[in-house]
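So the structure is just underneath, and the comments pick up after that.
Computed from a predicted model, the values in this text were never measured in an experiment. In what follows, every heavy atom counts, from backbone to side chain, and hydrogens, waters and symmetry copies are set aside.
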Amino acid sequence: MSQPLPAGTLAGRTALVTGSSRGIGADTARYLAQAGANVVINFRNKAPRAEKLATELRALGVQVLVVGADLTDRASVDEMFAAVREAFGALDLLVLNASGGMEGGMAADYALTLNRDAQVGVLDAALPLLSDGSRVVFVTSHQAHFIRTTPTMPEYEPVALSKRAGEDALRDRIPELSERGIDFVVVSGDMIEGTITATLLERANPGAIADRRESAGKLYNVSEFAAEVALAAVEPIPSDNTRLVGDTSSFGGE
């Protein structure tokens with residue numbers, strides 16, 4: 001795995017990455033730990049994977065806290081941040097990576113509950129631990145970010161709409177965050193090869209990934225996109241609070 005941030009860049013800082021037991025979240029946590037950050041690994045139901053990752057990151061010489069929490073359950077979220085306060089006292093970086101909505105057997109409003117309501121709830125719960133100089137990073141997709149102007153696959157539309165609703169709700173908080181000295185940035189990427197979402201979309205719409213790869217010229221893999229998320233933790237915030245990763249030529253304006 002390449003290292004997007006120089007060693008020591010985040011020394012003494014503490015980062016929490018939601019949904020970080022696997023995939024983009026796990027690789028983001030790796031990059032942040034490589035840069036010296038203490039890391040909070042959040043998972044919903046992948047405890048063994050989370051603990052395995054924690055062992056790996058502790059070998060880098062950083063402190064790691066593993067906390068299971070259902071982000072749609074506010075009591076569970078509050079318990080997670082109570083554990084963060086006890087372990088570290090404060091939080092410097094909150095990466096809102098966890099999302100979903102394509103899972104089977106969930107309630108009809110699950111996508112909106114997770115991708116909008118839970119994102120705002122996590123931010124609210126984290127605020128007492130964030131301070132001047134902290135940063136919040138929200139991870140999304142081009143298919144969601146541009147959903148108002150560019151249709152997406154029918155199978156993904158409910159998720160895209162819910163993620164855009166979450167992005168909008170978080171953007172509404174920018175003035176409040178700015179008053180506290182807390183930065184906010186959205187990281188939007190094209191379809192990411194190797195993610196669960198991409199697998200589910202391919203299953204529902206065979207050929208979708210290949211078609212998008214041909215259209216875009218390149219699709220980022222999990223590690224490559226996670227590197228961009230990690231960079232968003234330290235690079236200057238764009239004027240529109242948006243970091244676009246990958247081709248956007250086929251997407252209309254927001």
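- Residues Leu16 and Val67 have side chains not in contact (no heavy-atom distance under 4.5 Å, counting atoms from C-beta outward).
- Two residues are said to be in side-chain contact when any heavy atoms from C-beta on lie closer than 4.5 Å; Arg44 and Leu71 fail this criterion.
- Judged by distance alone, with hydrogens and angles left aside, the side-chain atoms of Thr140 form no donor-acceptor pair with the main-chain N or O of Ser188 at under 3.5 Å.
- Between Thr242 and Arg171, the side chains place a donor N or O and an acceptor N or O closer than 3.5 Å (distance only, hydrogens not considered).
- Rounding to the nearest 0.5 angstrom, the gap separating the OG1 atom in Thr72 from the CG atom in Asn115 is 11.0 Å.
- Rounding to the nearest 0.5 Å gives a distance of 7.0 Å between OG of Ser250 and CG of Asp190.
- Counting all heavy atoms, side chain and backbone alike, Ala111 lies closest to Pro158 at CB-O, 4.4 Å.
- The side-chain contact (heavy atoms from CB on, under 4.5 Å) check on Ala50 picks up Ser21, Ile41, Phe43, Val66, with sequence neighbours excluded.
- The distance from atom CD of Glu167 to atom CD of Gln119, rounded to the nearest 0.5 Å, is 11.0 Å.
- Across all non-hydrogen atoms, the minimal contact from Ala125 to Pro128 is O-CD, 3.3 Å.
- The shortest non-hydrogen separation linking Val185 to Ala232 is CG1-O, 3.9 Å.
- The backbone N or O of Asp70 lies less than 3.5 Å from a partner atom in the side chain of Ser76, making a donor-acceptor pair.
- In this structure Asp117 satisfies the salt bridge (charged side-chain N to carboxylate O under 4.0 Å, His left out) test with no other residue, sequence neighbours excluded.
- Every residue two or more places apart in sequence or in another chain that forms a side chain to side chain donor-acceptor pair (under 3.5 Å) with Arg243 is listed here: Glu228, Glu235.
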Full working for side-chain contact (heavy atoms from CB on, under 4.5 Å) between Thr248 and His145: CA-CA 11 Å; Thr248 60; His145 180 69; over 6 Å; no
Given side-chain contact (heavy atoms from CB on, under 4.5 Å), test Leu96 with Leu170 step by step and report yes or no. CA-CA 10 Å; Leu96 297 171; Leu170 292 168; 3.9 Å; yes
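- Taking OH of Tyr31 as the start and CG of Leu231 as the end, the distance is 9.5 Å to the nearest 0.5 Å.
- Separating the CG atom in Leu91 from the CZ atom in Phe81 is a distance of 6.5 Å, to the nearest 0.5 Å.
- With no hydrogens or angles considered, no side-chain donor-acceptor pair links Ser223 and Asn221 at under 3.5 Å.
- Proximity of Asn97 to Val137: side-chain heavy atoms (C-beta onward) are nowhere separated by under 4.5 Å.
- Among residues two or more places apart in sequence or in another chain, the side-chain contact (heavy atoms from CB on, under 4.5 Å) test is passed with Ala7 by Gln3.
- Among residue pairs with one or both ends in residues 54-65, those qualifying as side chain to side chain donor-acceptor pair (under 3.5 Å) are Arg30-Glu56; sequence neighbours excluded.
- One N or O on the side chain of Asn42 and one on the backbone of Gly19 form a donor-acceptor pair closer than 3.5 Å.
- Across Val222 and Gly23, no two heavy atoms sit closer than the pair CG1-C, 3.5 Å.
- Val159 and Leu112 end up in different hydrophobic clusters when Ile, Leu, Val, Met, Phe, Trp and Tyr side chains are linked at under 4.5 Å.
- By the 4.5 Å heavy-atom criterion applied to side chains, Glu224 and Val245 are not counted as neighbours.
- Separation of atoms CG (Leu65) and CZ (Phe88) is listed at 5.5 Å; rounding is to 0.5 Å.
- Considering only residues two or more places apart in sequence or on other chains, Asp168 meets the side chain to side chain donor-acceptor pair (under 3.5 Å) condition with Arg148, Arg164.
- Partners of Thr18 by side chain to side chain donor-acceptor pair (under 3.5 Å), not counting sequence neighbours: none found.
- The side chain to side chain donor-acceptor pair (under 3.5 Å) search around Arg173 returns Asp124, Glu176, not counting sequence neighbours.
- For Ser141, the side-chain contact (heavy atoms from CB on, under 4.5 Å) criterion is met by Gln143, Ala144, Tyr156, not counting sequence neighbours.
- When all heavy atoms of Val84 and Ala90 are compared, the closest pair comes out as CG1-O, 4.3 Å.
- Side-chain contact between Leu32 and Leu5 is present, with at least one heavy-atom pair separated by less than 4.5 Å.
- Residue pairs meeting the salt bridge (charged side-chain N to carboxylate O under 4.0 Å, His left out) criterion with at least one partner in residues 72-88, sequence neighbours excluded, are Arg74-Asp78.
- Using a 4.5 Å cut-off between side-chain heavy atoms of Ile, Leu, Val, Met, Phe, Trp and Tyr, Ile147 falls into a hydrophobic cluster with Leu161.
- Of all the heavy atoms in Ala226 and Asp27, the pair that sits closest is CB-CB, 3.4 Å.
- Asn241 places none of its side-chain heavy atoms less than 4.5 Å from the side chain of Val186.
- Within the structure, the salt bridge (charged side-chain N to carboxylate O under 4.0 Å, His left out) test picks out the following pairs touching residues 6-19 (sequence neighbours left out): Arg13-Asp92.
- In this structure, Thr14 and Leu129 have side chains that are not in contact, with every pair of non-hydrogen atoms separated by 4.5 Å or more.
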